[in-house]
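Chain letters run A, B, ... following the sequence lines, proteins first and then strands; every chain starts at 1.
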Amino acid sequence: MQIAGVVVDPPEINREVIARRGLDFPILSDPAFALIGAFGLRHPEGHDGRDIALSAAVLLDANGIVRWVSVTPNLRVRPTPETVLAAIDASGVVAAAGSAPR
Amino acid sequence: MTATRLSILGVALGLLAIVGYFVVVFVAGAWLPGVRNGAVPNLVVLAVGLGCSLAAIRRPGDGGRRLPRALGAVNLLLATWFIWLLFGMTRVPFSAGPPLGSTAPDVTLTAPDARPVRLADFRGKPLLLVFYRGHW
């Protein structure tokens, strides 16, 4: 199971956040909205008049197929860890990856 | 309890509900995600506070009704602002996100060490992508 954050902020800021929070996963910079836009997660003028990403979680299986999505209409509401883990279990992506030839 | 004390209690509960919510969001959010999401305990305390304010206003005056009414108005303003914060201000445009079953595009993003990273590099194992609003 891999995890990666995606945000419009530049790598320098992301390095700082990773260090400050002690994260053990990368935060990838997407200032051109290449992935954010492709996934329909762009929030026009979402912060101080600038476009940012909506807060969301997307689960991809080992082949890059979208298997679970969580986007809420209110930025107060985020999926809880239990919700995310349950979704990962239900999707079967970990079991499937384990048995895939590599 | 006197009307004055009850009206003060009402405002105190209102402030407790609101300040408590900010504590959860900025300090304890990782441990209390349910409260952050639903704010149910805070809304309950807010409602009790408003109940106290109302009861204070309706209690026979022990020195006039001005203070209970003034504090009741303050409490109502605080409660209205808090409700707007929870349900109005924090709304974002609706998006369904990417369709289930679709393939993630082969885009190149930038890693924290400033090196380019292709999304396809993550294939072979499942990947949980967490999109952040940023500007932290």
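Between atom CG of residue Asp30(A) and atom CZ of residue Phe131(B) there is a gap of 7.5 Å, rounded to the nearest 0.5 Å. Gln2(A) CD to Leu129(B) CG: the interatomic distance, rounded to the nearest 0.5 Å, is 9.5 Å. For the atom pair OG (Ser95(B)) and CG (Leu41(A)), the distance works out to 5.0 Å, reported to the nearest 0.5 Å. For the atom pair CH2 (Trp68(A)) and CG (Leu128(B)), the distance works out to 7.0 Å, reported to the nearest 0.5 Å.
A donor-acceptor pair is defined here as one N or O able to donate and one able to accept, closer than 3.5 Å; such a pair exists between the side chain of Asp9(A) and the backbone of His135(B).
For the options Gly46(A), Ala56(A), Ala57(A), heavy-atom pairs under 4.5 Å to chain B are most numerous at Ala56(A). Of the listed residues (Leu75(A), Asp48(A), Asp61(A), Asn14(A)), the one with the most heavy-atom contacts under 4.5 Å to chain B is Leu75(A). No other option in Pro112(B), Gly97(B), Ala114(B) has as many heavy-atom pairs under 4.5 Å with chain A as Pro112(B). Listed options Gly40(A), Pro73(A), Pro10(A) were ranked by heavy-atom pairs under 4.5 angstrom with chain B; first place goes to Pro73(A). Counting heavy-atom pairs under 4.5 Å between each of Val71(A), Asn63(A), Leu35(A), Ile18(A) and chain B puts Leu35(A) at the top. For the options Leu127(B), Leu109(B), Val130(B), heavy-atom pairs under 4.5 Å to chain A are most numerous at Leu127(B).
Grouping the Ile, Leu, Val, Met, Phe, Trp and Tyr side chains by contacts below 4.5 angstrom, directly or via other members, places Val84(A) with Val93(A). Note: the hydrophobic cluster containing Ile27(A) does not contain Val6(A) (ILVMFWY, side chain heavy atoms under 4.5 Å, direct or indirect links). Residues Met89(B) and Leu43(B) share a hydrophobic cluster, clusters being chains of Ile/Leu/Val/Met/Phe/Trp/Tyr side chains in contact below 4.5 Å. A single hydrophobic cluster is seen to contain both Val117(B) and Val107(B), as judged by linkage of ILVMFWY side chains at heavy-atom distances under 4.5 Å, directly or through other members. The hydrophobic clustering, which links ILVMFWY residues whose side-chain heavy atoms are closer than 4.5 Å, places Phe87(B) and Val92(B) apart.
The local environment of CZ in Arg20(A) is crowded, with over 12 non-hydrogen atoms from other residues, nucleotides or ligands closer than 6.0 Å.
Contacts between residues 72-81 of chain B and chain A, counted as heavy-atom pairs separated by less than 4.5 Å, involve no residue at all. Residues of residues 45-56 of chain B placed with any heavy atom under 4.5 Å of a heavy atom in chain A are absent; none qualify. Taking non-hydrogen atoms and a 4.5 Å limit, the residue list of residues 9-27 of chain B in contact with chain A, ordered by number, reads Tyr21(B).
Taking 4.5 Å as the limit, every side-chain heavy atom of Leu100(B) sits out of range of all side-chain heavy atoms of Arg67(A). Contact of the Asp113(B) side chain with the Pro11(A) side chain is not registered, since no non-hydrogen atoms from C-beta on lie closer than 4.5 Å. The shortest distance between side-chain heavy atoms of Pro99(B) and Val66(A) does not fall below 4.5 Å. Taking 4.5 Å as the limit, every side-chain heavy atom of Pro126(B) sits out of range of all side-chain heavy atoms of Ile88(A).
Residue Arg50(A) touches chain B through its side chain alone, counting heavy-atom pairs closer than 4.5 Å. Looking at Asp106(B), neither its backbone nor its side chain comes within 4.5 Å of chain A, counting heavy atoms on both sides. With a 4.5 angstrom heavy-atom cutoff, Ala120(B) does not touch chain A via any of its atoms. Neither the backbone nor the side chain of Pro31(A) has a heavy atom closer than 4.5 Å to any heavy atom of chain B. Interface remark: Leu119(B) contributes side-chain atoms only to the contact with chain A (heavy atom separation under 4.5 Å). Both the backbone and the side chain of Leu28(A) come within contact range of chain B, each with at least one heavy atom under 4.5 Å from a heavy atom of that chain.
Among residue pairs with one or both ends in residues 71-83 of chain A, those qualifying as side-chain hydrogen bond (donor to acceptor under 3.5 Å, both in side chains) are Ser55(A)-Arg78(A), Asn74(A)-Thr90(B), Thr80(A)-Glu82(A), Thr80(A)-Thr83(A); sequence neighbours excluded.
Side chains of His47(A) and Arg133(B): no donor on one and acceptor on the other come within 3.5 Å.
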Take Val17(A) and Tyr132(B) through the side-chain contact (heavy atoms from CB on, under 4.5 Å) test and state the conclusion after the steps. CA-CA 12 Å; Val17(A) 173; Tyr132(B) 295 109; over 6 Å; no
